[in-house]
Amino acid sequence: MSEKLKVGILGGTGMVGQRFIALLENHPWFEVTTIAASPRSAGKTYEEAVGGRWKMTTPMPEAVKNIIVKNVNEVEEVAGEVDFVFSAVDMTKEEIRAIEDAYAKTETPVVSNNSAHRWTPDVPMIIPEINPEHTDVIEAQKKRLGTTKGFVAVKPNCSIQSYAPVLYAWREFEPYEVIATTYQAISGAGKTFADWPEMVENIIPYIGGEEEKSEKEPLRIYGTVENGEIVPAAEPKISCQCIRVPVLNGHTAAVFVKFRKKPTKEQLIEKMVSLKGAPQELGLPSAPKQFVRYMEEDNRPQVTLDVDYENGMGVTIGRLREDTIYDYKFVGLSHNTVRGAAGGAVLCAELLKAKGFITKK
């Protein structure tokens, strides 16, 4: 066995679980050794459990095909085989909170793609380029859980990735009011066109819970650590509409911004394209070299051309221009199951390892 950290995937048969497995193939630090899923999948090989439901465009990695899937509810057994876990389980929020805490209490760090713990005050919700210092709350969380190594960390919602980093890059100009409409891919619901045929040539103007997440989660990311808790920022005020569109991968956002300090277009572009943080400084394996790219063409970014920028870990911005009511408007694009889901969680885990929070057991 290599010196890589042993990783378990909770909820490994679903779309995000599959994306974790695809992204972690040949990862220099992490190796998938354990996969857990619902009781109906337990006891089968991973290949058998997934069956014809492999949704990635790349083949299932050979290294995982014959792993025997474990029952995700058998916490002690799963936790005993790994150094940490990624969580992509499909349960109610109450069940997710309970099972993630249960894994943490076995001294197993949990890096979660789920939303259940995003508003737990001592659980950090991290975009590593923006708020790596939020890992400071982990010590308070460990005291609450009664652990020395076990904790839960989460990544934010996929829908905010195409505008939250940009607003952060512009913070010195004090953005205070934002209108955003997101056009979200069907893979965000764990679907392909084969299993969601009613989305072909269709738009659904509602995604349950998504607008609240899109409006509130950036403020928690921009917040501060105070007395062992994350205190959300007060601004910018964000109003959002979220629309499901007939695209497989890639969430697009159309965004309008008001600033207290009036920047030039050139200043805004310079700030966003130079945005970097801990992942770039530490040379983390999944970090994009350039987090945010700006494209001058009027018809970019486009999903088919730009969603895989920086292997899906970068954000592409275009059409930045002055507005007649707001100060500026722009269009952003991010890959919802890479940067927005599994890839963002992998980058969080890399940050946590680099900071000494995730180690071999």
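Proximity of a side-chain donor or acceptor of K216 to a complementary backbone N or O of P232 within less than 3.5 Å is not detected.
By the side-chain contact (heavy atoms from CB on, under 4.5 Å) test, V72 is found to be paired with L10, A36, V89, M91, I99, Y103, residues two or more places apart in sequence or in another chain being considered. Residues passing the side-chain contact (heavy atoms from CB on, under 4.5 Å) test with E74 are N71, E77, sequence neighbours excluded. Remark: W54 pairs with no residue by the ring-ring contact (aromatic ring centres under 6.0 Å, His included) rule, at least two apart or across chains. Partners of F330 according to the ring-ring contact (aromatic ring centres under 6.0 Å, His included) rule, which considers only residues two or more places apart in sequence or in another chain, are W170. Judged as a salt bridge (Lys or Arg N to Asp or Glu O under 4.0 Å), and not counting sequence neighbours, the contacts of K142 are E139. For E47, the side-chain contact (heavy atoms from CB on, under 4.5 Å) partners two or more places apart in sequence, or in a different chain, are T45, M60, K65. R293 pairs by the salt bridge (Lys or Arg N to Asp or Glu O under 4.0 Å) definition with D306, not counting sequence neighbours. In this structure, the side-chain contact (heavy atoms from CB on, under 4.5 Å) partners of T192, at least two apart in sequence or on a different chain, are M15, K55, A194, D195, L248.
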Could you pull out every donor-acceptor pair under 3.5 Å between side chains of residues 176-183 and any protein atom, sequence neighbours left out?
unit_1 : atom_1 : unit_2 : atom_2 : d
E177   : OE2    : Y326   : OH     : 2.7
T182   : OG1    : Q184   : OE1    : 2.7

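Using the six-membered ring where Trp is involved, H27 and W29 have ring planes that are perpendicular, over 60° apart on the 30 and 60° scheme.
Hydrophobic clustering, defined by side-chain heavy atoms of Ile, Leu, Val, Met, Phe, Trp and Tyr closer than 4.5 Å, groups V225 together with V137, I230.
Identified under the ring pair (Phe, Tyr, Trp, His ring centres under 6.0 Å) test for residues 108-150, with sequence neighbours left out: none. Within the structure, salt bridge (Lys or Arg N to Asp or Glu O under 4.0 Å) contacts touching residues 324-333 (residues at least two apart or in different chains) are K262-D327, D323-K329.
With hydrogens and angles left out, the side-chain atoms of E226 and T224 include a donor and acceptor closer than 3.5 Å.
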